[in-house]
Amino acid sequence: MIQNFKKRIISGFLILLLASTALFACGAPSGTVSSTSMQKEQRDFDAFTQKLFVQEMQKNTINLHYTLANPADFGIKSHKISLGSFSANQEKNAVAFIENLSAALSEFDYEALTTKQKLAFDIMDDYCQNQLTAARFPYYKEPLRPTTGIQSELPVLLAEYTFYNPCDVTDYLSLITCASDYFREIIAFERQKSKKGLFMPAYAAKTVKKACETFTSDPEQNYLIDTFNTRIDAVSGISEQKKEIYKKQNQSLIQNLFIPAYEELANTLEELKATGTNNAGLCYYPQGKAYYEHLVRTSTGSGKSVKELQDMTEKKRRLDMDSLHTLLTANPDLLHAPEPKLSFQKPEEMLNHLLKAMQEDFYPASNASYEVNYIPKSLEGTLAPAFYLTAPIDDISRNVIYLNKSSNYSGIQLFTTLAHEGFPGHLYQTTGSYQAGLTPVRALFNYPGYVEGWATYVEMLSYRYAGLPEAAADMLMYNQSALLSLYASIDMGIHYDGWSLSDTAAFLNEYGITDGKTIRGIYELVVEEPAHYLKYYIGYLEFLELKTYAKKLLAEEYSDRAFHQAIIRIGPAPFPLLKKYLCDFYSPE
């Protein structure tokens, strides 16, 4: 099935209507008048994708709520309350679903479809191929990754669960009651991983266990109690007496059901932590190398082999280091300059500045509405420095950017982080794509290489939006790009080439990183989160490569603004499809 627990959090490390096909070097459009049979095929395809979207939305309440503010507008009158499933039958059902989807797609006449429909078709076909490959490795996936795992993200999703109406309140309370069974399915899954010799390293289990213990440490003051009380107070259509009843019910469920579910998970991790057979990269598992190749493809959206990606990463790092050397040779004072001062300090001030500064390179934002919130203290140690919580596709005004106070980000570091998460990063890309007419079915398919690659690409551009001297901005950009490349090389080195801790240390020593504790921390983090850094860095490199391709192809018709808008109009997709459809969605200024 389509992502049983779809992540609506886009973690961060470190608008227009669709225009008609342009008439230039990319080739002339096909016939302008559709035949009756083509029109019927197109109507049938739209009906098929709409039915698929509704069917999948009804399977998972979190997916449904974070995707649609008004499900009834999409024909969804009722739905099962569920967090998804990790049951033993899941993989069998998933394969059957993919085979059925693939068979249904094959019934359509591809050439009769519109360009947007062909793109949706190609994305669904790509998804089917990826999932059929994934089915070969049922126990290699890890739902409890220390930073991006369910145990870290679920509380945030619940804390931000918007109460649009009284029914959302009862749905939310029902979701809490699902937690015990859901976590027990995950526990059963982890036990199976253990039996098959695929359980996580002991240090990873210790990290996840500690996060669970932190979340459960003060049941009386758990933030899921306070956030519920605040949200329900704002709901109209519920009497004050009823609100008090709901508040007591939520408190009881959190303290007597939800927190015990986390405690049971922590106890299981303690029990299983010594059963892991491998404390190093995926390649040391029986099918680990093949699984990593699959993981790299799905994480990055790149069509290149791991070896090609390694060469691509090393080449860009050399270019960045050479550029950095040339820049510092010409401007030696930069090396000892103090941290650059910005004329704005607050997150909201930075985001407003970014909105204005990006206008030369990007079309105006389709929606600039957002909130800046802070990660609850009990989750600071396990979540990213920042992340963007996506808006429903039918109400793109509901955007939330979370910041992690424990990261102590400020100045240029906070500024570029907000560019990554907000403008012209995740918030701009997400709202812009749906404003441009992305079909609802596209919300079912996740392409982290596009999403994080775009945000990293614009993060690099944002150094020049900060009001710094050009040389200082370029120095910071080259340095950040080179730093990210180190993580990418380490990821592929550990999981594909089998680097040990000493191999990783030797690699980092070449770049002046010698602190043993820091190196071990990097090594263990990369082991725990395979391919995590690749979606950022490889996605970034793929966008740079696509930009070079567009400039060469489009020649005088090319502009950065039009290129960026074409990427927004296409929406999340693997990079071979972005290249295939670039001209179809490109409109010269």
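In what follows, residues are counted from 1 in the order of the sequence shown.
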Asks: Which value, rounded to the nearest 0.5 Å, describes the distance between Arg398 atom CZ and Thr390 atom OG1?
Replies: 13.0 Å
Asks: Evaluate the ring planes of Tyr164 and His65, with Trp represented by its six-membered ring, and classify them as parallel (under 30°), tilted (30 to 60°) or perpendicular (over 60°).
Replies: tilted
Asks: Does Lys243 reach the main-chain N or O of Asp233 with its side chain, forming a donor-acceptor pair under 3.5 Å?
Replies: yes
Asks: Working note: Asn256 + Ser252, criterion side-chain hydrogen bond (donor to acceptor under 3.5 Å, both in side chains); need CA distance, chi angles, decisive distance, verdict.
Replies: CA-CA 6 Å; Asn256 300 314; Ser252 177; 3.1 Å; yes
Asks: Which distance, rounded to the nearest 0.5 Å, do you find between the CD of Gln129 and the OG1 of Thr298?
Replies: 13.5 Å
Asks: Do the side-chain N and O atoms of Glu153 and Thr148 include a donor-acceptor pair separated by under 3.5 angstrom?
Replies: no
Asks: Regarding His420 and Glu459, is there a side-chain donor-to-acceptor distance under 3.5 Å anywhere?
Replies: yes
Asks: Could you check whether Glu190 pairs with Lys193 (Lys NZ or Arg NE/NH1/NH2 to Asp/Glu carboxylate O, under 4.0 Å)?
Replies: no
Asks: Is the backbone N or O of Tyr409 less than 3.5 Å from a side-chain atom of Ser407, with the two atoms forming a donor-acceptor pair by type?
Replies: no
Asks: Please evaluate residues Asp171 and His79 with respect to the criterion side-chain hydrogen bond (donor to acceptor under 3.5 Å, both in side chains), reporting the C-alpha separation (whole Å), side-chain torsions for both, the decisive distance (0.1 Å), and the verdict.
Replies: CA-CA 10 Å; Asp171 282 357; His79 56 275; 3.0 Å; yes
Asks: Can you check whether Tyr127's main-chain N or O pairs, donor with acceptor, with Asn130's side chain at less than 3.5 Å?
Replies: no
Asks: Relative to each other, are the rings of Tyr533 and Tyr487 parallel, tilted or perpendicular (30° and 60° limits)?
Replies: tilted
Asks: Counting distance only, does the side-chain N/O of Thr216 pair as donor-acceptor with the main-chain N or O of Glu263 below 3.5 Å?
Replies: no
Asks: Taking all non-hydrogen atoms of both residues into account, name the closest pair between Pro347 and Val372 and its distance.
Replies: CB-CG1, 4.2 Å
Asks: Mind checking the CG-SG spacing from Leu83 to Cys178? Nearest 0.5 Å is all I need.
Replies: 5.5 Å
Asks: What I want to find out is whether Lys209 reaches Glu213 closely enough, with some N-O distance under 4.0 Å, to be called a salt bridge.
Replies: yes
Asks: Under a 3.5 Å threshold, yes or no: a donor from one side chain and an acceptor from the other, between Ser369 and Ser397?
Replies: no
Asks: Does a side-chain N-to-carboxylate-O contact under 4.0 Å join Lys247 and Glu244?
Replies: yes
Asks: Among Tyr223, Phe163, Tyr246, Phe258, which residue meets the ring-ring contact (aromatic ring centres under 6.0 Å, His included) test with Phe228?
Replies: Phe163
Asks: Looking only at atom types and distance, does a side-chain atom of Asn404 sit under 3.5 Å from a main-chain N or O of Ala384, one as donor and one as acceptor?
Replies: yes
Asks: Which label fits Tyr262 and Phe215: parallel for a plane angle under 30°, tilted from 30 to 60°, or perpendicular past 60°?
Replies: tilted
Asks: Does Lys273 qualify as a cation-pi partner of Phe199, given the criterion of NZ or CZ under 6.0 Å from the six-membered ring centre and within 45 degrees of its axis?
Replies: no
Asks: Scan side-chain atoms only and decide if Tyr203 and Asn279 contain a donor-acceptor pair under the 3.5 Å cut-off.
Replies: no
Asks: Once you round to the nearest 0.5 Å, how far does OH of Tyr66 lie from CD of Glu160?
Replies: 6.0 Å
Asks: Would you call the rings of Phe48 and Phe45 parallel, tilted or perpendicular, taking 30° and 60° as the class edges?
Replies: tilted
Asks: Salt bridge or not for Asp46 and Arg43, using N-O below 4.0 Å?
Replies: no
Asks: Tell me whether the NZ or CZ atom of Arg442 lies within the 45° cone about the ring axis of Phe53 and under 6.0 Å from its centre.
Replies: no
Asks: Under the side-chain contact (heavy atoms from CB on, under 4.5 Å) rule, what do Asn63 and Lys59 come out as? Steps first, then yes or no, please.
Replies: CA-CA 8 Å; Asn63 278 9; Lys59 291 181 179 180; over 6 Å; no
Asks: Determine yes or no for a side-chain-to-main-chain donor-acceptor pair under 3.5 angstrom, with Ser174 supplying the side chain and Ile81 the backbone.
Replies: no
Asks: Closest approach of Leu257 and Ile176, non-hydrogen atoms and distance?
Replies: CD2-O, 3.1 Å
Asks: How about Asp491 and Tyr292: does a side-chain donor come under 3.5 Å of a side-chain acceptor?
Replies: yes
Asks: Side chains of Gln429 and Ser433 only: does a donor on one sit below 3.5 Å from an acceptor on the other?
Replies: yes
Asks: Could you pull out the closest heavy-atom pair between Ser302 and Arg297, with the gap in Å?
Replies: O-CG, 3.8 Å
Asks: Just by modelled atom types, is the Leu295 backbone N or O under 3.5 Å from a matching donor or acceptor in the Ser299 side chain?
Replies: yes
Asks: Does a side-chain N-to-carboxylate-O contact under 4.0 Å join Arg145 and Glu528?
Replies: no
Asks: Decide side-chain hydrogen bond (donor to acceptor under 3.5 Å, both in side chains) for Tyr447 and Asp126; before the verdict, give the C-alpha distance in whole Å, the side-chain angles of both, and the deciding distance to 0.1 Å.
Replies: CA-CA 11 Å; Tyr447 284 95; Asp126 176 78; 2.7 Å; yes
Asks: What pair of heavy atoms forms the shortest contact from Gln287 to Tyr140, and how long is it?
Replies: N-OH, 2.9 Å
Asks: Looking at Thr456 and Gly539, would you say the former's side chain and the latter's main chain have a donor-acceptor pair under 3.5 Å?
Replies: no
Asks: Any side-chain donor paired with an acceptor under 3.5 Å for Glu371 and Asn399?
Replies: no
Asks: Do you know which two heavy atoms are closest between Gln249 and Leu173, and how far apart they sit?
Replies: OE1-CD1, 3.6 Å
Asks: State the OG-CG distance between Ser85 and Asn60, to the nearest 0.5 angstrom.
Replies: 10.5 Å
Asks: When rounded to the nearest 0.5 angstrom, what distance separates CD in Gln131 from NE2 in His294?
Replies: 6.5 Å
Asks: Check whether any side-chain N or O of Glu452 sits under 3.5 Å from a backbone N or O of Tyr536 as a donor-acceptor pair, and report yes or no.
Replies: no
Asks: So, for Phe423 and Ala368, which heavy atoms are closest and what is the spacing to 0.1 Å?
Replies: CZ-CA, 3.7 Å
